[in-house]
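Take a look at the structure below.
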Protein chains: 2
Amino acid sequence: MARQKSEQVRKAILEAAHRLFIEKGYIATTISSIARAAGTSQSNVYVYFASKFEIAFAVFDPWLRTKIAALEANVTAQETPEERLRTLIDGLLRGIAADRSGQTLTLVQALATAKPGDEYNPDLLIWTMSRIHHMIGSALPNSDPAEREALTHSLMLAFDGIALRQNLRREEIKDSHSVDALYMMVRALVDRRALTRVQEPRD
Amino acid sequence: MARQKSEQVRKAILEAAHRLFIEKGYIATTISSIARAAGTSQSNVYVYFASKFEIAFAVFDPWLRTKIAALEANVTAQETPEERLRTLIDGLLRGIAADRSGQTLTLVQALATAKPGDEYNPDLLIWTMSRIHHMIGSALPNSDPAEREALTHSLMLAFDGIALRQNLRREEIKDSHSVDALYMMVRALVDRRALTRVQEPRD
DNA sequence: TCACATACCGAATGACATTCGCTATTGACA
DNA sequence: TGTCAATAGCGAATGTCATTCGGTATGTGA
């Protein structure tokens with residue numbers, strides 16, 4: 001009954017927020033500027049979203065899903081497991097986490113400044129983890145489940161690390177080194193298995 | 001000439017901030033509450049520190065140096081390289097980065113909310129990296145320099161990842177898994193070298 | 001003892017996120 | 001097709017901070 005929310009207004013708010021978050025970051029973007037860019041009033045934004053935090057999450061969620069889906073398509077398209085592994089690590093860390101024209105920083109800033117009441121739905125987190133887990137399976141066939149699990153967690157951890165640094169740390173630390181270092185370690189894991197098999201063959 | 005700053009007031013401010021940051025986090029701690037706890041006025045805090053950000057850094061710096069120094073003593077005290085490696089990874093990630101009664105979250109929140117003018121001295125970052133690098137040397141003797149370099153970067157990255165998650169991510173992700181996963185990968189790196197040496201001895 | 005730089009203080013100021021009181025619309029139902 | 005209650009939408013508060021300002025008082029170097 002009574003008046004309905006306009007899908008158009010909602011979209012306008014999200015699009016304005018999306019653009020402004022990328023341009024100025026979450027913290028420097030004000031609700032007032034989002035409202036202005038969306039062609040509505042500051043207070044009306046709160047009819048559509050309960051808080052600034054909620055807007056950030058509503059922007060981040062579809063952004064990340066799109067990125068991860070594209071990454072997965074890219075990984076799957078690779079011929080060899082080695083290529084899939086490199087594509088996965090590079091795409092996830094350099095392509096998504098370190099992307100300065102993306103929404104990763106939005107999430108980091110939103111989470112860092114979240115107030116006690118600011119909750120978020122864990123679905124996105126779980127979904128992302130399951131996609132990465134799946135990609136790792138295709139990049140490391142014949143690996144044992146514990147190993148795949150461990151790698152999934154390590155990659156998520158690296159994602160967070162890169163995300164935090166993206167703007168917050170100084171240039172003294174080069175992200176590229178870290179990504180290469182991680183890749184090197186994963187390869188070592190793979191190679192060990194290969195070597196172990198050579199030494200103690202058992203199929 | 002003229003009046004001097006009181007070392008006592010400075011110390012009182014830092015001690016109050018230290019305690020409040022741990023209790024309530026950086027963001028939820030107000031300059032006003034720091035001043036009250038330090039027994040001075042809000043505005044006088046600005047005579048000693050240019051900004052809230054600067055206070056955070058002044059608190060974090062000695063805290064981290066103490067922690068890292070203690071870790072290094074602990075690592076050095078271990079008998080075998082294996083024990084040193086485990087002590088290093090566990091102490092750094094679980095003991096320092098994930099310590100909820102420490103100042104890690106302070107730094108994350110301070111960095112996330114830093115304004116353009118908020119600069120910090122990179123000395124601490126460089127010093128920390130060099131200590132970790134040194135500890136890795138003692139945990140992986142005979143490793144090649146590139147490998148040690150890569151591990152140092154990976155550990156710093158993991159540190160940041162854990163730090164970000166400390167309060168910001170949900171329980172859906174268990175940090176412990178990630179730490180174990182990382183340890184497993186480093187061991188794989190070590191083992192590979194051992195296996196490689198067995199296969200192609202050359203000493 | 002004098003003079004001045006400045007520690008120290010209480011009261012602004014300016015930015016925000018969020019809330020409030022009110023008006024205008026609109027969708028369900030008679 | 002008219003009525004009306006829920007609520008979209010708006011402009012003006014509110015409340016919370018970090019930071020700044022204007023003034024006063026004190027310690028220090030001369």
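Quick note: numbers below take in every heavy atom, side chains included, and nothing from hydrogens, waters or symmetry partners. In this text, all values refer to a predicted model and were calculated from it rather than measured experimentally. In what follows, every chain begins at residue 1, and chains take the letters A, B, ... in the order their sequences are listed.
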Looking at [options], which one has an atom nearest to any side-chain atom of [X]?
X: A:R3; options: D:dA18, D:dA8, C:dT18; value: D:dA8
X: A:N44; options: D:dG9, C:dT18, D:dA18; value: D:dG9
X: B:A2; options: D:dG29, C:dG10, D:dG27; value: D:dG27
X: B:S41; options: C:dA17, C:dC8, D:dG9; value: C:dC8
X: B:Q42; options: D:dG9, D:dA18, C:dG10; value: D:dA18

**Prompt:** Which atom names give the shortest non-hydrogen contact between B:S154 and A:S178, and what distance separates them?
**Reply:** OG-O, 4.4 Å
**Message:** Ignoring hydrogens, what is the shortest heavy-atom contact between A:V47 and A:K5? Give both atom names and the distance.
**Reply:** O-CE, 3.4 Å
I need the [atom1]-[atom2] distance between [X] and [N], as an integer number of Å.
X: A:I27; N: D:dC17; atom1: CD1; atom2: P; value: 16 Å
X: A:R36; N: C:dC16; atom1: CZ; atom2: C1'; value: 13 Å
X: B:I34; N: D:dT19; atom1: CD1; atom2: P; value: 10 Å
X: B:I31; N: D:dT20; atom1: CD1; atom2: C1'; value: 13 Å
X: B:R10; N: C:dA7; atom1: CZ; atom2: P; value: 13 Å
X: B:D118; N: D:dT19; atom1: CG; atom2: C1'; value: 12 Å
X: B:K52; N: D:dT20; atom1: NZ; atom2: C1'; value: 17 Å
X: A:F53; N: C:dT18; atom1: CZ; atom2: C1'; value: 16 Å

Contact under 4.0 Å: [X] side-chain N or O vs [N] OP1/OP2:
X: A:T40; N: D:dC10; answer: yes
X: B:S51; N: D:dA18; answer: no
X: B:K115; N: D:dT19; answer: yes
X: B:Y46; N: D:dC21; answer: no

**Prompt:** Of A:A50 and A:A28, whose closest DNA chain C nucleotide lies nearer the 5' terminus?
**Reply:** A:A28
**Request:** Give a yes or no on whether a donor-acceptor pair under 3.5 Å exists between the nucleobase atoms of D:dG11, that is its base, and the side chain of A:S43.
**Result:** yes
**A:D160/A:R165 ion pair, N-O < 4.0 Å** = no
**Asked** Taking NZ, NE, NH1 and NH2 as the nitrogens, is one of them in B:D144 or B:R148 under 4.0 Å from a carboxylate oxygen of the other?
**Response** no
**Message:** Just to be sure I understand the rule, does A:S33 reach a base, reach only the sugar-phosphate, or reach nothing, if contact means heavy atoms closer than 4.0 Å?
**Reply:** nothing
**Request:** Report the relative orientation of the aromatic rings in B:H177 and A:H153; use parallel for angles under 30°, tilted for 30 to 60°, perpendicular for over 60°.
**Result:** perpendicular
